[in-house]
J.: 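Here it is, the structure in full.
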Amino acid sequence: MSRLLARPWARDLLMGLALLCALLSLLLWPQEAMEAAKSGLTLCYNVIVPSLFPFFVLSSLVVELGLAGYLGRMLEGVMRPLFHVSGACASALALGFIGGYPVGARTAISLYEKGMCTRTEAERLLAFCNNSGPAFILGVVGAGIFSSSRAGVLLYLAHAAASVCVGVLFRFYRAGDRKGREQKVSPQFQARRFTAAFTDSVKNSFLSTLNICAFVVFFTVVIRMCFLSGALPALAALLGHLLAPLGFDVIWAQRLLTGVLELSSGVWTLAGEGTLTGRLSMAAFMLGWAGISVHCQVLSFLGGSGLSARTYLAGKFLHGAFAAAFTAALARVFPLKEAVSSLLVQQVDDLACLDFHTALTISTVCAWMTFLFFLLLAAAALGKGTVHRRKSVL
């Protein structure tokens, strides 16, 4: 099969058939396609734009203004022995945990393009820095889907622990590559003036946000068409039969396939029947894997950077597997039967009903608070460096 797909005519034939099927689906179910597209646009307007755009601006400013370099001096002693990457890469890891997908990956790519980390370090970083944000795991998945604040905390702890484990594992990636080991971070990078950096950061971040929204709308329509055409249920039936020895049935297989394609749609299917431990473990895998929709967003950023996408995809699969295993183990230790408090339920309902302007304001405030945190850390690192140079002179 792989030899057949390696031939150009075979790939072109399959691509033509896929496009023909997509066209027929749109002709057969035009109303449903329009409704799915509207749903995707609503998701972008209410969630994607207000949550990602401020953090995209923040991540770009951290790199363009040279703050990542200052942080690198402070955190080199942590990032180098733990993940075998430079200290500057700490900004991508931190922003990835705070801002959610795909802020961490975009920051890692920016660090590489600016010469602040080597290619090998960037590929290691991509394997574990693109993570889900705490708001999505604790609010949407934990309280909204499982109606349990403990479930949200458990999922977030498992998600973070799995990310760190993947990072430690990938520290051995190309460990014997002498060229990658001897390559130094380019010293030619110069921090830009704030006015120029801010203008370009806003412009590029807006284009990146539009790019992500396009993928969200596209995959929303694709999933809807796959359900209507019967392709997804049929594939789920086949997968359920193959995974029957592991306890999977058609419903679980359909949930898994939906989450593999698109994360938000996948986790919402877990609100139905099934054991709590099983649903939590599958949710953990979906959060770690992130979905093909998120992968397409990251691959669009990779573009002509020359970084390997295989490292990123392997890291995300391992992240999902580790997170599912950790969640299954933690669920047996900590009781999760207590329902979420009424106060948390009210907070989640209020969060879901936020209008665009309020959500954008909250996200912007959080982004700028994080920016000030990075600025203070950079100032502290710069101050320590100045004191050290003065002592050396004396």
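In what follows, every heavy atom counts, from backbone to side chain, and hydrogens, waters and symmetry copies are set aside.
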J.: Going by heavy atoms in the side chains, are M225 and L228 under 4.5 Å from each other?
T.: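 Counting from C-beta outward, M225 and L228 do come under 4.5 Å.
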J.: Centre-to-centre under 6.0 Å for F170 and F83, is that the case here?
T.: no
J.: Please determine whether salt bridge (Lys or Arg N to Asp or Glu O under 4.0 Å) holds for the pair E123 and R310, giving the CA-CA distance in whole Å, both sets of side-chain angles, and the decisive distance to 0.1 Å.
T.: CA-CA 9 Å; E123 290 177 348; R310 296 179 180 178; over 6 Å; no
J.: Rounded at 0.5 Å granularity, tell me how far OG1 in T118 sits from CZ in R124.
T.: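 If we round to the nearest 0.5 Å, T118:OG1 and R124:CZ are 7.0 Å apart.
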J.: Apply side chain to side chain contact (heavy atoms under 4.5 Å, CB included) to S300 and F215, showing your working.
T.: CA-CA 10 Å; S300 69; F215 281 110; 4.0 Å; yes
J.: Any salt bridge linking R224 with E262? Criterion: basic side-chain nitrogen under 4.0 Å from a carboxylate oxygen.
T.: no
J.: Shortest non-hydrogen contact from A309 to L299?
T.: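 Between these two residues, the closest heavy atoms are CB-CD2, 3.5 Å.
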J.: When rounded to the nearest 0.5 angstrom, what distance separates CG in L318 from CH2 in W289?
T.: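 Between L318 CG and W289 CH2, I get 10.5 Å after rounding to 0.5 Å.
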J.: Are the side chains of L126 and Y112 in touch, meaning some heavy atoms are under 4.5 Å apart?
T.: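 A side-chain contact is absent here, since even the closest heavy-atom pair is not under 4.5 Å.
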J.: Output the distance between atom OG (S91) and atom CG (L95), rounded to the nearest 0.5 Å.
T.: 6.0 Å
J.: Would the distance check show the side chain of K316 and the main-chain N or O of G288 forming a donor-acceptor pair, the cut-off being under 3.5 Å?
T.: yes
J.: With the side chain counted from C-beta on, respond yes when L93 and C89 share a heavy-atom pair under 4.5 Å apart, and no when they do not.
T.: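 No, every pair of side-chain atoms sits at 4.5 Å or beyond.
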J.: For the residue pair M286 and R255, what are the closest heavy atoms and their distance?
T.: CE-O, 3.1 Å
J.: Please walk me through it: do K38 and E35 pass side chain to side chain contact (heavy atoms under 4.5 Å, CB included)?
T.: CA-CA 5 Å; K38 290 180 180 178; E35 293 298 327; 4.2 Å; yes
J.: N131 and F97: which non-hydrogen atoms are nearest, and at how many Å?
T.: ND2-CZ, 3.5 Å
J.: Do V294 and N130 come close enough that some side-chain heavy atom pair is under 4.5 Å?
T.: yes
J.: Grouping I, L, V, M, F, W and Y whenever their side-chain heavy atoms are under 4.5 Å apart, do W29 and F227 come out in a common cluster?
T.: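 Cluster IDs for W29 and F227 differ.
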J.: Minimum heavy-atom separation for V221 to A33, with atom names?
T.: CG2-O, 3.9 Å
J.: What's the separation between atom CG in N204 and atom CZ in R106, rounded to the nearest 0.5 Å?
T.: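 If I round to the nearest 0.5 Å, the distance is 6.5 Å.
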J.: What are the two closest non-hydrogen atoms of I137 and S132, and how far apart are they?
T.: CG1-OG, 3.4 Å
J.: Once you round to the nearest 0.5 Å, how far does OG1 of T275 lie from CH2 of W252?
T.: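 Here the interatomic distance stands at 5.0 Å.
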J.: Looking at G278, is its backbone amide N or carbonyl O close enough to the side chain of S281 to form a donor-acceptor pair, meaning the two atoms are under 3.5 Å apart?
T.: no
J.: Between L125 and C117, is there a side-chain heavy-atom distance shorter than 4.5 Å?
T.: no
J.: S205 side chain to S201 main-chain N or O, any donor-acceptor pair under 3.5 Å?
T.: yes
J.: Check the pair V260 / L256 against side chain to side chain contact (heavy atoms under 4.5 Å, CB included), numbers first and verdict last.
T.: CA-CA 6 Å; V260 166; L256 178 61; 4.2 Å; yes
J.: side-chain contact (heavy atoms from CB on, under 4.5 Å) with L280: which of V141, L155, I145?
T.: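 Among V141, L155, I145, the one that satisfies the side-chain contact (heavy atoms from CB on, under 4.5 Å) with L280 is L155.
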J.: Roughly how far, to the nearest 0.5 Å, is the CG atom of L232 from the CD1 atom of I223?
T.: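 Here the rounded value is 8.0 Å.
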J.: Flag yes if more than 12 heavy atoms outside F317 fall under 6.0 Å of its CZ atom; otherwise flag no.
T.: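 No, CZ of F317 has 12 or fewer neighbouring heavy atoms, counting only those of other groups under 6.0 Å.
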J.: If hydrophobic clusters are built by linking Ile, Leu, Val, Met, Phe, Trp and Tyr wherever their side-chain heavy atoms come under 4.5 Å apart, do Y101 and V164 end up in the same one?
T.: yes
J.: State, yes or no, whether a side-chain contact exists between V168 and F128 at a heavy-atom distance under 4.5 Å.
T.: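 A side-chain contact is absent here, since even the closest heavy-atom pair is not under 4.5 Å.
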J.: Counting C-beta onward and ignoring hydrogens, is there a side-chain heavy-atom pair between S293 and L261 closer than 4.5 Å?
T.: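 No, side chains not in contact.
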J.: Please check if the number of heavy atoms outside L26 that lie under 6.0 Å from its CG is greater than 12.
T.: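 Enclosed.
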J.: Are the side chains of H159 and T327 in contact, using a 4.5 Å heavy-atom criterion?
T.: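 No, every pair of side-chain atoms sits at 4.5 Å or beyond.
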J.: Between E121 and R80, is the side chain to side chain contact (heavy atoms under 4.5 Å, CB included) condition met? List the steps.
T.: CA-CA 10 Å; E121 288 175 339; R80 181 65 64 181; 3.0 Å; yes
J.: Quick one: closest heavy-atom pair of L154 and A331, and the distance?
T.: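 Looking at all heavy atoms of both residues, the closest pair is CD1-N, 3.8 Å.
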J.: For residues Y312 and H295, is any side-chain donor paired with an opposing acceptor at under 3.5 Å?
T.: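 Per modelled atom types, Y312 and H295 side chains form a pair under 3.5 Å.
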